[in-house]
Amino acid sequence: MTNSYSQVIAIDGPSGSGKSTMAKKLASQLNLLFIDTGAMFRALGYFADKAGVEFKEGPELKNFLNSLEIQYSDNAEELIIINGENLSKVIREHHVSTHASVISQIPSVRSFLLDFQRKLGAENICVMEGRDIGTVVFPDAFCKIFITASPEVRAKRRLDQLKENNPDSNETLEQVLEDVVERDRKDTQREVAPLKVADGATVVDTSEMKASEVLNHLIEIAREKAKGHNIDL
Ligand code: DC
């Protein structure tokens, strides 16, 4: 018998909303595979840059994509391996964010990763996190959650993180807030797979919530949705 829904908990939202941390914790609590789709865009951006491939549609990019063999696991040490090269650490470097952001706008790259993500999601009950999981990748996911927070709260969180990583950083809240607003504008207005709340998604605004409250709320939402779909969580 085939299901009329996918056994995926789709989690989307803007950066700094706490979505990645929360999605990972949710997967761990429910004992499900965690799929970080941002890591895939990062890995492709890094790999394409290293190979000197131009970030635009054309035969060069097509050949490049055809030459890739991607392995994904939710073991942080071996999160993502492309053609035998373990990229799990390097993808977190700051400059890789820029490559990821540019390459994620290219339709053939999105379509390449879409196939990969759908295959992974079809093989496992999982928590998949990104920007377009509930809207494009698995619009039929049994559970869709959109995690957000106000731009001010996200800027404050980002600044705290920057200061933690580099106590000498002289970045101000105003600058970080400007970045957050600009990133939101780009993410929501881009032509391909713009960031938006998927039909049927539950919106969770974490601005005024503690991490433990968010996690409990997510578990509650996922279990409630699972009940309605005869999924055992
Ligand atoms: O979530 P992140 O910062 O690791 O994502 C890296 C980049 O990839 C970011 O520019 C947004 C993009 N991305 C996307 O376009 N679609 C996804 N499903 C996940 C990430």
Side-chain angles (χ1 to χ4, degrees), residues 6 8-27 33-49 55-57 61 65 68 70 72 74 76 79-80 82 87-121 126-141 144-149 151 154-155 157-159 161-162 165 176 179-198 201 206:
S6 297
V8 170
I9 299 176
I11 301 198
D12 294 301
S15 61
S17 56
K19 129 194 96 111
S20 303
T21 315
M22 286 302 146
K24 202 181 213 167
K25 286 195 171 152
L26 178 68
L33 177 74
F34 170 62
I35 303 179
D36 172 353
T37 61
M40 298 172 191
F41 286 97
R42 287 169 178 270
L44 242 64
Y46 170 81
F47 214 67
D49 178 61
F55 285 23
K56 63 169 202 197
E57 295 286 16
L61 184 67
L65 292 173
L68 302 180
I70 307 187
Y72 179 89
D74 67 354
L79 187 75
I80 192 138
I82 299 188
L87 306 175
S88 312
K89 282 211 176 71
V90 77
I91 56 168
R92 300 298 166 203
E93 285 178 14
H94 187 61
H95 73 279
V96 178
S97 309
T98 314
H99 298 321
S101 167
V102 178
I103 211 162
S104 69
Q105 317 257 351
I106 304 176
S108 65
V109 169
R110 296 207 74 87
S111 133
F112 174 81
L113 284 182
L114 179 74
D115 290 345
F116 184 69
Q117 291 157 3
R118 283 196 176 146
K119 198 157 171 278
L120 268 181
C126 63
V127 175
M128 191 176 288
E129 179 254 314
R131 303 287 191 290
D132 62 339
I133 311 306
T135 50
V136 177
V137 187
F138 285 106
D140 61 348
K144 300 187 212 175
I145 302 176
F146 189 89
I147 301 186
T148 189
R154 287 187 284 128
R157 287 179 187 160
R158 172 98 71 86
L159 188 66
Q161 205 174 33
L162 282 172
N165 293 341
V176 180
D179 277 0
V180 165
V181 171
E182 178 55 18
R183 181 107 90 104
D184 283 357
R185 194 189 59 75
K186 276 202 197 128
D187 284 350
T188 53
Q189 293 180 11
R190 72 180 183 199
E191 264 171 48
V192 273
L195 177 67
K196 61 177 182 200
V197 180
T206 67

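Start at 1 and go down the list; that is how both ligands and their atoms are numbered. Heavy atoms only: backbone and side chains are in, while hydrogens, waters and symmetry mates are out.
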**OP:** List the steps, then state whether side chain to side chain contact (heavy atoms under 4.5 Å, CB included) holds for Gln117 with Val8.
**Re:** CA-CA 11 Å; Gln117 291 157 3; Val8 170; over 6 Å; no
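Looking at Asp140 and Phe138, their side chains come closer than 4.5 Å, going by heavy atoms from C-beta outward. Side-chain contact check for Ser20 versus Asp36: every heavy-atom pair is 4.5 Å or farther apart. Proximity of Ile11 to Leu26: side-chain heavy atoms (C-beta onward) are separated by under 4.5 Å at one or more points. By the 4.5 Å heavy-atom criterion applied to side chains, Asp12 and Lys19 are not counted as neighbours.
Contact residues of ligand 1 (protein heavy atom closer than 4.0 angstrom to a ligand atom; sorted by chain and number): Thr37, Gly38, Phe41, Arg42, Ala100, Ser101, Ser104, Arg110, Gly130, Arg131, Asp132, Arg190.
For residues 94-113, every residue pair satisfying the salt bridge (Lys or Arg N to Asp or Glu O under 4.0 Å) rule, not counting sequence neighbours, is listed here: Arg110-Asp132.
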